[in-house]
> 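Structure provided below as structure tokens; questions to follow.
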Amino acid sequence: MHKVVLQLTSNDHAVQKSALSHIHNIQKAFEHIVIELVTHGDGIELLMKESALVERLRIMHETGVQLLVCQNALDAKNLSDSDVLPFSTIIPSAVAHLIVRQSEGWSYLRETF
């Protein structure tokens with residue numbers, strides 16, 4: 001089974017939409033795949049309750065995509081877990097999580113424009 005972790009650090013709406021399109025295309029390309037979207041820095045805005053892409057994110061979550069938010073980024077922006085979409089998961093450190101996933105053999109994609 002394939003496993004891929006995508007890193008998102010941008011609050012640019014076009015970059016965020018592109019990341020979600022990439023996830024959708026990956027899901028179409030593989031019958032069985034595990035996908036994590038790791039957000040940190042300004043990228044955490046995608047997974048906040050006021051996100052413009054909430055419905056798309058909800059559907060992705062329902063198809064098994066794990067949506068991860070960095071606690072360090074939340075702290076840096078004075079945000080709390082109550083600001084995050086309820087179907088997201090808060091992780092202590094996005095960078096540490098990415099290091100672990102890569103050492104486990106996961107494919108890695110950085111979402112940028």
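Source: prediction; values computed, not measured. Keep in mind that the numbers below use all heavy atoms, side chains included, and drop hydrogens, waters and symmetry copies.
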> Atom OG1 of T39 and atom CD of E45: how far apart are they, to the nearest 0.5 Å?
10.0 Å
> Measure the spacing between OG of S88 and CG of D83 and express it to the nearest 0.5 Å.
12.0 Å
> So which atom in H13 and which in A52 form the shortest heavy-atom distance, rounded to 0.1 Å?
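The pair with the smallest heavy-atom distance is CE1-CB, 4.0 Å.
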> Taking C-beta and beyond as the side chain, do D81 and L74 meet within less than 4.5 Å on heavy atoms?
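In short, these two side chains do not touch, never coming nearer than 4.5 Å.
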> Measuring from atom CD of Q71 to atom OG of S80, what distance do you get when rounded to the nearest 0.5 angstrom?
9.0 Å
> Nearest 0.5 Å please: distance from the CG atom of L8 over to the CD1 atom of I23.
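The distance works out to 8.5 Å.
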> Could you check whether any side-chain heavy atom of H22 comes within less than 4.5 Å of a side-chain heavy atom of L109, counting everything from C-beta outward?
no
> Can you check whether P86 reaches R58 side chain to side chain, under 4.5 Å on heavy atoms?
no
> State, with a plain yes or no, whether a side-chain heavy atom of L57 is found less than 4.5 Å away from one of H61.
no
> Could you grab the distance from atom CG of L47 to atom SG of C70, nearest 0.5 Å is fine?
11.5 Å
> Take atom NZ in K3; do more than 12 heavy atoms of anything else shown fall under 6.0 Å from it?
no
> Using side chain to side chain donor-acceptor pair (under 3.5 Å) as the criterion, point out the one residue from H40, R101, E111, H97 that pairs with Q7.
H40
> Within the structure provided, determine whether L20 and L37 are in side-chain contact (heavy-atom separation under 4.5 Å).
yes
> Each residue besides V100 in its hydrophobic cluster should be listed here, by chain and number; the cluster joins Ile, Leu, Val, Met, Phe, Trp and Tyr at side-chain heavy-atom distances under 4.5 Å.
none
> Quick one: pull up CD1 in I59 and NE2 in H24 and give me the separation to the nearest 0.5 Å.
10.5 Å
> Kindly indicate whether the side chain of M60, heavy atoms from C-beta on, has any atom under 4.5 Å from the side chain of I35.
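No, side chains not in contact.
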> Is there a side-chain contact between L67 and L85 (heavy atoms, below 4.5 Å)?
no
> If Ile, Leu, Val, Met, Phe, Trp and Tyr residues are connected whenever their side-chain heavy atoms lie under 4.5 Å apart, and connections chain through other members, are I90 and V95 in the same group?
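The answer is no; the residues belong to distinct hydrophobic clusters.
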> Would you say CD of E50 has more than 12 non-hydrogen atoms from neighbouring residues, nucleotides or ligands within 6.0 angstrom?
yes
> Can you list, by chain and residue number, the hydrophobic cluster partners of L68 when the side-chain cut-off is 4.5 Å?
M1, V5, V34, V38, I91, L98, W106, Y108
